[in-house]
Amino acid sequence: MIFSLKILLWYQKNKRNLPWRKTKDPYRIWLSEIILQQTRVAQGLPYYERFIERFPTVRDLANAQENEVLKLWQGLGYYSRARNLHATAKIVVDEYKGEFPKTYKGLLKLKGVGDYTASAIASICFDIPEPVVDGNVYRVLARYYGVDIPINSSKGTRYFKELARKVMNTEQIRDYNQAIMEFGAIQCAPKNPDCTGCPLNDGCLALQQNQIGELPKKINKTKVRNRYFNYLVVVDPKNRTLLQQRKGKGIWQNLWEFPLLESKEDMDVHELERSFNKVLAINETPEIYHFNSENIVHKLSHQHLYTKFWIIKTDTFLKEGVGFNELKDYPVPVLIADFIKTFKI
DNA sequence: AAGGCGGGGGG
DNA sequence: CCCCCAGCCTT
């Protein structure tokens with residue numbers, strides 16, 4: 001039996017029951033694919049349910065405020081996905097009469113939709129024979145066909161897309177694309193895959209050559225940057241605080257946080273007393289103490305954030321202040337959300 | 001071609 | 001602790 005039929009057969013027996021497998025609605029498929037970018041099914045699933053509940057149609061999503069979309073996305077990471085999701089919903093409603101493009105090329109024009117996502121939507125919704133190549137597919141193909149070209153090189157990108165196209169099942173592309181991903185996620189897992197019980201073990205080159213642990217190959221290039229964050233949690237006489245929205249280029253764009261003083265190295269209370277007014281417009285000398293004496297280390301894949309929260313009690317009434325009980329409405333990074341959970345005035 | 005962008009779970 | 005996840009965008 002050929003590769004694609006074995007994959008399809010395995011899928012029939014082993015596929016999980018997932019909500020986006022019950023529909024061909026482009027809106028729902030698109031939403032599920034954006035959520036699942038670089039995200040495990042288990043983590044994305046509750047977000048998908050909440051998005052569908054709150055935004056049953058693309059028009060509902062387009063009519064929302066970005067803050068609400070980001071709030072619903074909070075905790076899922078890669079927030080450009082949420083911003084692009086919202087922007088694309090508006091474009092689909094305003095410029096495409098509420099209908100998603102029905103071709104691979106048309107889909108590719110949407111913000112936040114790249115080669116993988118366009119292929120997924122095209123094949124699942126419109127039966128277009130375009131192969132998906134995600135992390136799972138890279139792994140399955142690299143192992144089964146014994147390919148040691150790095151998957152994150154430009155040569156690898158081209159090679160695996162071509163290979164995927166060559167071995168796909170065009171008649172059942174909708175099931176096949178989901179099948180090979182599901183196979184990679186469950187049977188051909190990244191670590192300690194169950195090769196003994198695998199229905200494709202007889203033809204698997206990596207298994208024959210004892211290369212399961214070495215494939216797929218990847219060029220490692222993650223460099224971690226250390227940063228020191230001092231969050232200034234102002235408390236005024238009416239128990240209000242200051243919150244601001246992150247703008248510009250870096251992490252957490254358009255999410256909210258307390259006024260931030262970033263430093264080259266760890267700061268103590270004396271340094272903070274000297275420099276807090278670079279960020280805050282407070283005239284008197286407030287009472288300042290730290291919430292955590294040891295840095296809270298928040299680890300992103302590419303940055304380690306050594307963080308202190310400073311409580312600043314001021315006599316000044318904050319005109320733009322936000323009540324602590326209103327913080328729950330603002331989309332914030334997990335780092336801030338964790339602080340809010342544990343901080344009691 | 002390379003770098004930036006989150007957060008969580010598993011081994 | 002390291003790796004990887006239904007990737008995409010900018011430079």
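So that the names make sense, note that chain A is the first sequence line, chain B the second, and so on, each numbered from 1. Basis for what follows: all heavy atoms, side chains included, without hydrogens, waters or symmetry-related copies.
Counting only residues at least two apart or on different chains, no ring pair (Phe, Tyr, Trp, His ring centres under 6.0 Å) pair has a member in residues 186-221 of chain A. Within the structure, the ring pair (Phe, Tyr, Trp, His ring centres under 6.0 Å) test picks out no pair touching residues 109-130 of chain A (sequence neighbours left out).
Residue Gly184(A) is classed as having no contact, given no heavy-atom separation below 4.0 Å to the nucleic acid. As judged by a 4.0 angstrom heavy-atom cut-off over every strand, Asn177(A) is placed among residues making no nucleic acid contact. Looking at heavy-atom distances under 4.0 Å, Ser80(A) makes no contact with the nucleic acid at all.
The side chain to side chain contact (heavy atoms under 4.5 Å, CB included) test with Phe183(A) is passed by exactly one of Val137(A), Leu200(A), Leu8(A): Leu200(A). The ring-ring contact (aromatic ring centres under 6.0 Å, His included) test with Trp73(A) is passed by exactly one of Phe51(A), Tyr48(A), Tyr78(A): Phe51(A). When each of Gln38(A), Gln37(A), Arg81(A) is tested with Leu76(A) by the rule side chain to side chain contact (heavy atoms under 4.5 Å, CB included), just one qualifies, namely Arg81(A). Of the residues listed (Lys161(A), Arg165(A), Lys105(A)), the one engaging Asp115(A) in a salt bridge (charged side-chain N to carboxylate O under 4.0 Å, His left out) is Lys161(A), and it is the only one. Looking at Phe258(A), Tyr231(A), Phe229(A) one by one, the single match for ring-ring contact (aromatic ring centres under 6.0 Å, His included) with Phe339(A) turns out to be Phe258(A).
Shortest non-hydrogen contact noted between Arg139(A) and Gly184(A) is NH2-O, 2.8 Å. The shortest heavy-atom contact between Glu182(A) and Trp10(A) is O-CH2, 3.5 Å. When every heavy atom of Ser119(A) is checked against every heavy atom of Asn177(A), the shortest pair comes out as O-ND2, 4.4 Å.
To the nearest angstrom, C1' of dG3(B) lies 11 Å from CZ of Arg225(A). With rounding to whole Å, Trp73(A) atom CH2 is found 12 Å from dG6(B) atom P. Between the CD1 atom of Ile121(A) and the C1' atom of dG7(C) there is a distance of 13 Å, given to the nearest Å. Per the geometry, CG belonging to Asn152(A) stands 12 Å off C1' belonging to dG7(C), to the nearest Å. The separation between Ile151(A) atom CD1 and dG7(C) atom P is 10 Å, rounded to whole Å. Between Tyr116(A) atom OH and dC5(C) atom C1' the separation is 12 Å, expressed in whole Å. Per the geometry, OH belonging to Tyr48(A) stands 19 Å off C1' belonging to dC5(C), to the nearest Å. Taking atom CG of residue Asp134(A) and atom P of nucleotide dC4(C), one finds them 14 Å apart after rounding to whole Å.
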Next on the checklist: Pair Ile186(A), Arg16(A) - check side-chain contact (heavy atoms from CB on, under 4.5 Å), show working.
Outcome noted: CA-CA 10 Å; Ile186(A) 293 172; Arg16(A) 290 169 287 184; 3.6 Å; yes
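A salt bridge between Arg240(A) and Asp236(A) is present, with a side-chain N of the basic residue lying under 4.0 Å from a carboxylate O of the acidic one. The existence of a salt bridge linking Glu294(A) and Lys308(A) is excluded, since no basic side-chain nitrogen approaches an acidic carboxylate oxygen closer than 4.0 Å.
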Between protein and nucleic acid, restricted to nucleotides 9-11 of chain C and to nitrogen or oxygen atoms under 3.5 Å apart, what atom pairs and distances do you find?
unit_1	atom_1	unit_2	atom_2	d
dC9(C)	OP1	Gly112(A)	N	2.6

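Rounded to a whole angstrom, the distance from the P atom of dA6(C) to that of dG11(B) is 14 Å. Atom name P, nucleotides dG8(B) and dC8(C): the rounded distance is 22 Å, in whole Å.
Stretches of at least 3 consecutive Watson-Crick or G-U wobble pairs, with each checked distance under 3.5 Å, appear in DNA chain B as B:1-5 with C:7-11, B:7-11 with C:1-5.
One finds a side-chain N or O of His302(A) lying less than 4.0 angstrom from the OP1 or OP2 phosphate oxygen of dC5(B). Dashed line: the shortest gap from a side-chain N or O of Tyr79(A) to OP1 or OP2 of dG7(B) is under 4.0 Å. Within the 4.0 Å cut-off from OP1 or OP2 of dC5(B), at least one side-chain nitrogen or oxygen of Gln303(A) is found. The phosphate of dG4(B) has neither OP1 nor OP2 within less than 4.0 Å of any side-chain N or O from Trp252(A).
Under a cut-off of 6.0 angstrom, the local environment of CD in Glu284(A) is crowded, with over 12 non-hydrogen atoms contributed by other residues, nucleotides or ligands.
Against DNA chain B, the stretch residues 24-45 of chain A makes heavy-atom approaches under 4.0 Å through Gln38(A), Thr39(A), Arg40(A), Gln43(A). Using a 4.0 Å cutoff on non-hydrogen atoms, the parts of residues 189-197 of chain A near DNA chain B are Lys191(A), Asn192(A), ordered by number.
Position along DNA chain B of the nearest nucleotide to Lys299(A) versus Arg158(A) favours Arg158(A) as the more 5'-ward residue. Nucleotides of DNA chain B nearest to Arg83(A) and Lys223(A) differ in position, and the one nearer the 5' end is that of Lys223(A).
In summary, the side chains of Ser80(A) and Gln253(A) do not present any donor paired with an acceptor at a separation below 3.5 Å, with no hydrogens or angles considered.
Taking 3.5 Å as the limit, the base of dG7(C) and the side chain of Thr117(A) contain no donor-acceptor pair of atoms between them.
Nearest to the side-chain atoms of Arg139(A) among the listed nucleotides dC5(B), dC4(C), dG7(C) stands dC4(C).
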